[in-house]
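The structure appears below as structure tokens.
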Number of protein chains: 2
Amino acid sequence: MVKFEQFIREHYATEVLNHLKNRDKEQFRELFLDLHRTNQMDIFIQLNQQLRSQLYSMVSGNEFADVFEGLDLAKQKQVIQELDERYIAAIFNTISTDEIADFLAELDPSEANKILNTIDNKRAIVIRELLSYPIETAGGIMAKEFVAVKATDKVSEVIDNLRFSAPNAETIYYLYVLDTEACLVGVLSLRDLIIAPAFETIEHIMSTDVISVTTEMDQEDVAKIMQKYDFLAMPVVTKKNVLTGIITIDDVMDIMEDEMSEDFDEFIGAKGGTDLNISSFEAAKKRAPWIVLLAFTGLLTGGIIDFFEAALEEVVLLAVFIPLIMDSAGNAGTQSLAVIVRAMATGSSEKKSIWQTIKREFGTGLILGVIVAIVLLILVPIVYGSFILALIVAASLFITLSFSTIFGGLVPIVINKLKLDPAIASGPFITTVNDVLGLFVYFTIASTFISYL
Amino acid sequence: MVKFEQFIREHYATEVLNHLKNRDKEQFRELFLDLHRTNQMDIFIQLNQQLRSQLYSMVSGNEFADVFEGLDLAKQKQVIQELDERYIAAIFNTISTDEIADFLAELDPSEANKILNTIDNKRAIVIRELLSYPIETAGGIMAKEFVAVKATDKVSEVIDNLRFSAPNAETIYYLYVLDTEACLVGVLSLRDLIIAPAFETIEHIMSTDVISVTTEMDQEDVAKIMQKYDFLAMPVVTKKNVLTGIITIDDVMDIMEDEMSEDFDEFIGAKGGTDLNISSFEAAKKRAPWIVLLAFTGLLTGGIIDFFEAALEEVVLLAVFIPLIMDSAGNAGTQSLAVIVRAMATGSSEKKSIWQTIKREFGTGLILGVIVAIVLLILVPIVYGSFILALIVAASLFITLSFSTIFGGLVPIVINKLKLDPAIASGPFITTVNDVLGLFVYFTIASTFISYL
């Protein structure tokens with residue numbers, strides 16, 4: 001935000017806080033309740049326990065529900081401990097059922113049940129249904145509060161009815177058209193509805209090309225489809241095409257970010273270990289298997305050097321180029337890996353181009369190899385005074401760069417085909433493979449021409 | 001999508017294609033125009049030139065505009081070459097001005113001007129304004145078609161007026177309230193409007209806590225704010241708070257993805273070189289500076305080994321552990337780098353926790369160091385028969401792992417403070433620093449205790 005606006009906002013927040021501290025209920029409510037819920041939340045998380053209970057006494061459970069919904073899980077759990085049963089009931093009878101399900105899924109079953117018992121029966125049934133779907137599927141992230149209409153409804157009727165259904169719906173910007181069996185047969189946006197003449201029937205303005213997902217679809221696939229179609233919300237249907245929920249764009253944006261972080265973690269070989277909210281010990285526990293595995297593979301790579309010990313004993317200077325070979329091989333491979341993983345992540349329509357991409361990467365590797373070889377043929381004689389050594393190093397690096405791009409590209413594809421753990425396609429693994437390859441090529445060439453050194 | 005649905009979709013696409021090939025204008029139009037624009041596009045990109053001109057003759061420029069908007073830049077340029085001026089004019093007088101500006105910004109000025117001359121004068125002025133903002137700023141990505149109302153307007157009036165303004169607006173789901181100077185003073189959602197009683201005035205239902213951005217804000221910051229507030233659209237104002245445009249969520253989702261790809265590219269040191277749509281040569285050109293730089297740093301790292309050549313000459317076996325030291329140092333550093341970069345990317349409210357995160361990373365490094373040291377103290381004597389060697393390697397790795405987490409964490413922070421090129425904080429750079437550090441520690445310890453080997 002702009003500096004000036006930031007200043008105003010902080011000034012405002014200070015005023016809100018002062019009213020809270022001075023117990024000026026009227027003024028506090030007037031200022032606080034006019035804030036966007038995200039700004040209310042920013043103020044709330046700064047409060048100590050005393051000021052929090054002061055706040056609970058000044059705003060009702062219904063009014064606080066919005067703030068509660070935006071808090072992270074740890075804070076939500078803390079808040080629940082501080083509230084009495086009636087206040088909790090008021091919160092949970094206000095916020096949307098999918099948010100409640102997400103929250104309850106993280107609690108002990110007994111605690112979850114205690115809260116479920118404070119919730120209206122009708123809502124509790126919906127929440128239990130949501131809890132029955134596996135997490136990270138469409139069913140697990142959908143909301144049940146959608147707006148459904150009939151194909152024979154009139155535009156004016158639907159607009160009138162919206163006044164009543166809108167306050168509780170997750171979104172009113174798409175209306176879903178159901179037949180008598182509750183099957184999804186059409187969709188229209190609120191914009192279509194607003195533009196249409198009042199006397200028109202829904203079936204004449206709805207679109208019948210309805211894009212929907214089923215409850216069991218993986219959330220990452222849901223996110224991809226929503227992004228492909230630029231939807232603000234996506235209908236979720238059962239296998240029999242009965243509309244059962246909707247997923248809105250705000251949930252999908254969070255998923256996109258989480259999934260990218262996950263991919264990224266996998267790529268650097270730190271699955272779950274880069275979470276900001278865990279302790280040193282937990283982070284170490286998650287990363288240790290990887291680091292130990294890397295220590296093993298490091299020893300394995302060292303085995304190559306051990307194998308060529310005779311050559312190394314003869315010309316110790318050969319060891320100087322080990323880092324060069326390893327760095328270049330590892331990096332070129334990782335770049336190709338990144339390219340192919342991304343190519344595979346984009347929609348199926350582009351899948352045919354994966355082989356083209358590998359060919360592209362190999363071409364890139366060849367060109368990079370030539371460039372680096374030339375640089376080395378100039379540099380190495382200057383620094384180490386040997387043109388033969390320069391030839392050995394340059395040839396090794398040329399071969400290594402060309403082939404490490406192929407390895408970086410092929411490994412994720414093979415893993416995908418064989419349905420192995422995709423973590424094997426992580427950066428550290430590719431780097432190890434290419435290190436071994438690079439050092440083997442280098443020492444083979446070096447020991448062949450060692451008599452000329 | 002579900003397999004079954006996929007099948008239906010392909011079947012439908014085949015039918016659409018057949019009608020196109022057989023020149024059944026009526027049937028083709030009926031099927032094609034009922035499709036979602038993304039599905040129309042999927043069909044269109046499969047067509048050869050002959051079928052494309054067949055399609056142009058069957059659907060009007062207005063009808064084709066939606067498809068055109070969804071195509072990528074290369075395809076759009078190709079299509080423009082195939083169309084006559086009137087058809088082009090029809091397209092550009094239909095699609096939204098921000099899309100046109102994005103397209104024209106990629107053309108030669110003369111070509112852009114030729115197209116601008118076919119566009120209605122009023123729209124052309126708007127497009128010229130949009131083209132005047134730097135790309136990747138709020139001004140560069142915003143649309144000019146927003147719905148503005150007055151605080152004194154009645155709810156029923158506004159709903160009636162929406163019928164006329166809705167077809168051209170970028171979104172109608174937020175209405176912006178302006179004062180007599182066109183300054184932004186309030187906002188309400190279409191949902192608020194629908195729920196409100198018909199006779200209510202806007203000022204009683206609008207929110208005055210308006211979150212807006214100014215035209216010069218970086219697009220990545222805009223995306224963060226929209227995500228923080230879960231907005232579907234964001235108002236853009238001038239420095240004097242005059243409303244001048246809006247940014248919608250679909251644009252922001254694309255930006256989020258692009259920016260993450262950019263960060264990722266930077267992280268693996270391949271800025272722009274992992275683009276799928278460029279040739280081997282172009283990819284090599286973009287990556288070559290990095291690979292050459294890495295070759296240099298690899299030689300630099302090799303210099304450490306050269307420096308300790310005497311020790312190596314005495315005990316060649318020491319070379320065997322070079323890969324182990326390098327791999328472990330590089331990987332631990334990269335993981336910490338990823339953690340800190342992510343901590344810095346999250347909102348400013350969490351900025352105070354960055355130092356805590358570095359402390360966390362150091363703690364993690366210590367624990368990982370202890371674990372790996374123990375593993376090596378067991379493994380190395382078994383494989384290489386020397387407990388002293390095991391002690392040297394284990395001690396080196398313990399020190400290296402502890403400190404490489406600190407380097408990985410500190411480098412991006414220092415770079416940020418000194419406003420240097422953040423690319424220095426990329427994985428390859430951190431890896432090099434940690435390689436040098438690790439090898440230096442290892443050989444120093446090794447040459448100190450070499451007499452015991």
Side-chain angles (χ1 to χ4, degrees), chain A residues 2 34-36 38 162-163 166-167 172-173 191 194-195 209 214 227-230 249-250 253 260 268 270 274 276 280 283-284 288 291-292 294-295 298-299 301-302 305-306 309 312-313 316 319-324 326-328 331 334-335 338-339 343 360 363-364 367-368 371-372 375 428, chain B residues 2 34-36 38 162-163 166-167 172-173 191 194-195 209 214 227-230 249-250 253 260 268 270 274 276 280 283-284 288 291-292 294-295 298-299 301-302 305-306 309 312-313 316 319-324 326-328 331 334-335 338-339 343 360 363-364 367-368 371-372 375 428:
Chain A
V2 202
D34 194 45
L35 283 175
H36 186 281
T38 304
L162 265 186
R163 264 183 235 283
I172 60 164
Y173 300 141
R191 185 199 290 243
I194 295 274
I195 297 172
D209 184 26
T214 51
Q227 202 183 359
K228 181 177 175 192
Y229 287 97
D230 280 343
I249 187 88
D250 50 325
M253 281 184 80
M260 281 201 199
I268 60 167
T274 60
L276 292 174
S280 286
I291 294 281
V292 170
L294 274 177
L299 282 177
T301 314
I305 299 174
D306 195 31
E309 203 183 328
L312 200 57
E313 199 126 13
V316 172
V320 167
F321 300 97
I322 293 175
L324 170 68
M326 285 178 61
D327 284 348
S328 305
N331 203 254
T334 309
Q335 291 183 344
V339 172
R360 203 280 303 265
T364 310
I367 300 169
L368 288 175
I371 295 171
V372 174
V375 171
Chain B
V2 202
D34 195 43
L35 283 175
H36 187 280
T38 304
L162 266 185
R163 266 183 233 282
I172 60 163
Y173 300 141
R191 185 200 290 244
I194 295 274
I195 297 171
D209 184 25
T214 51
Q227 201 183 0
K228 180 178 175 193
Y229 288 97
D230 280 343
I249 187 88
D250 49 325
M253 281 183 80
M260 280 199 200
I268 60 167
T274 60
L276 292 174
S280 287
I291 295 280
V292 170
L294 274 177
L299 282 177
T301 314
I305 298 173
D306 195 32
E309 203 182 328
L312 199 56
E313 199 127 13
V316 172
V320 167
F321 299 98
I322 293 175
L324 170 68
M326 285 178 61
D327 284 347
S328 306
N331 202 253
T334 309
Q335 292 184 343
V339 172
R360 204 280 302 265
T364 309
I367 300 170
L368 288 175
I371 295 171
V372 174
V375 171

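Each chain gets a letter, A, B and so on, in the order its sequence line appears, and its residues count up from 1. This is a predicted model, so every value here is computed, not measured.
Between B:Ala295 and A:Val372, the closest heavy-atom pair is CB-CG1, 4.1 Å. Between B:Thr364 and A:Ala283, the shortest heavy-atom contact is OG1-CB, 3.7 Å. Across all their heavy atoms, B:Met253 and A:Met253 have their closest contact at CG-CG, 4.0 Å. Between A:Ile305 and B:Ala319, the shortest heavy-atom contact is CD1-O, 3.4 Å. Pairing each heavy atom of A:Ile195 with each of B:Ala166, the nearest pair is CG1-CB, 3.7 Å.
The contact between A:Leu35 and chain B is made by backbone and side chain atoms together, counting heavy-atom distances below 4.5 Å. For B:Phe321, the part sitting under 4.5 Å from any heavy atom of chain A is the side chain, from C-beta outward, and nothing else.
Applying the salt bridge (Lys or Arg N to Asp or Glu O under 4.0 Å) test to B:Asp209 and every residue at least two apart in sequence or in another chain returns A:Arg9. Every residue two or more places apart in sequence or in another chain that forms a side chain to side chain donor-acceptor pair (under 3.5 Å) with A:Thr38 is listed here: A:His36.
Heavy-atom pairs under 4.5 Å with chain A peak, among B:Ile367, B:Val292, B:Ile194, at B:Ile194. Ranked by heavy-atom pairs under 4.5 Å with chain B, the list A:Val316, A:Leu299, A:Leu162 is led by A:Val316. Ranked by non-hydrogen atom pairs under 4.5 Å with chain B, the options A:Asp327, A:Ile371, A:Val375 are led by A:Asp327. When the candidates B:Gly298, B:Ser280, B:Gly363 are compared by the number of heavy-atom contacts under 4.5 Å with chain A, B:Ser280 comes out ahead. In terms of heavy-atom pairs under 4.5 Å with chain A, the best-connected choice from B:Asp34, B:Ile322, B:Ile249, B:Asp250 is B:Asp34.
By the 4.5 Å heavy-atom criterion applied to side chains, B:Met326 and A:Thr301 are not counted as neighbours.
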